[in-house]
Amino acid sequence: MSYTRKYLVWLLSITLILVLVSFVILGTAPGTFIVSMPFLAVYFCIVTGLQHLLVTKAMMRSPKTFVQIFLGTTVGVLFIHLVVLASFLLTHASQGRRFLIAFCIGYVVYLVFETTALVKLVEDEKKRRNKE
């Protein structure tokens with residue numbers, strides 16, 4: 001299985017697990033569930049997938065381009081996260097704490113996943129270049 005396919009399978013698996021966990025929370029503790037929980041998993045899946053796509057394409061170019069794209073996407077994604085957080089907290093203040101907790105959990109899960117995937121990709125690329 002190719003790296004891209006493995007990455008997508010893992011990304012979609014994590015997203016499905018988080019969506020299912022949010023519905024389990026609905027069934028077991030309905031007072032803590034908010035409608036945006038399943039959508040947060042989908043949001044993080046899309047943002048993480050696009051970020052990974054941009055970074056991996058940049059990796060095939062020069063190291064300078066890779067660093068610029070990596071730092072640019074990291075700052076861009078953080079800005080998007082801040083906008084999403086601020087918009088939700090301003091429009092749904094009563095659900096703010098629960099949303100913030102769900103958002104932080106999703107952020108950490110996808111950050112760990114993306115960091116692990118990029119480290120593995122860089123290591124595999126180094127091994128491939130050393131073989132040549």
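Atom NZ in Lys6 sits 6.0 Å away from atom NZ in Lys120 (nearest 0.5 Å). The CG atom of Leu85 lies 10.5 Å from the CG atom of Leu90; values are rounded to the nearest 0.5 Å. Note that CZ of Phe23 and CD1 of Ile25 are 11.0 Å apart. Values are rounded to the nearest 0.5 Å.
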Might you work through the salt bridge (Lys or Arg N to Asp or Glu O under 4.0 Å) test for Lys126 and Glu123, ending with a clear yes or no? CA-CA 5 Å; Lys126 281 182 184 177; Glu123 287 175 355; over 6 Å; no

**Study point:** salt bridge (Lys or Arg N to Asp or Glu O under 4.0 Å) between Asp124 and Arg128, worked out
**Key:** CA-CA 6 Å; Asp124 290 349; Arg128 188 187 65 79; over 6 Å; no

Exercise for review: Kindly indicate, with the supporting measurements, whether the criterion side chain to side chain contact (heavy atoms under 4.5 Å, CB included) is fulfilled by Val84 and Phe88.
Suggested key: CA-CA 6 Å; Val84 168; Phe88 190 88; 5.5 Å; no

Side chain to side chain contact (heavy atoms under 4.5 Å, CB included) assessment of Met37 paired with Ile34: CA-CA 6 Å; Met37 280 182 178; Ile34 55 176; 3.8 Å; yes

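Contact annotation: the side chain of Tyr110 never approaches that of Val47 to less than 4.5 Å [non-hydrogen atoms, C-beta and beyond]. A heavy-atom distance below 4.5 Å is not found between the side chains of Phe39 and Ser22. Considering only heavy atoms from C-beta on, Leu11 stays 4.5 Å or farther from Glu114 through its side chain. With contacts defined as side-chain heavy-atom distances shorter than 4.5 Å, the pair Leu40/Phe103 qualifies. In this structure, the side chains of Lys57 and Ile69 stay at 4.5 Å or more apart for every pair of heavy atoms.
Side chain of Thr115 to backbone of Val112: no donor-acceptor contact under 3.5 angstrom is found.
Judged as a side chain to side chain donor-acceptor pair (under 3.5 Å), the pairs with a partner in residues 34-51 (not counting sequence neighbours) are, in order, Tyr43-His81. Among residue pairs with one or both ends in residues 113-132, those qualifying as ring pair (Phe, Tyr, Trp, His ring centres under 6.0 Å) are Tyr7-Phe113; sequence neighbours excluded. The side chain to side chain donor-acceptor pair (under 3.5 Å) analysis of residues 94-107, with sequence neighbours excluded, yields no pairs.
Residues Leu26 and Ile101 share a single hydrophobic cluster, defined by chaining ILVMFWY side chains whose heavy atoms lie under 4.5 Å apart. Linking ILVMFWY residues whenever their side-chain heavy atoms come closer than 4.5 Å, directly or via other members, leaves Phe44 and Val24 in distinct clusters. No continuous path of hydrophobic side-chain contacts links Leu53 to Ile46 [ILVMFWY only; heavy atoms under 4.5 Å]. The hydrophobic clustering, which links ILVMFWY residues whose side-chain heavy atoms are closer than 4.5 Å, places Leu78 and Leu111 together. The same ILVMFWY cluster, assembled from side-chain heavy atoms under 4.5 Å apart, contains both Val67 and Met59.
Heavy atoms of other residues, nucleotides or ligands lying less than 6.0 angstrom from CZ of Phe70 number 12 at most.
In plain terms, the two heavy atoms of Leu18 and Ala41 that are nearest each other are CB-CB, 3.8 Å. Residue Leu12 comes nearest to Cys45 through the heavy atom pair CD2-SG, 4.0 Å, listed as atom of the first residue, atom of the second, then distance. Of all the heavy atoms in Pro38 and Val19, the pair that sits closest is O-CG2, 3.8 Å.
Shown are Leu50, Leu54, Thr56; of these, the side-chain contact (heavy atoms from CB on, under 4.5 Å) with His52 is made only by Thr56.
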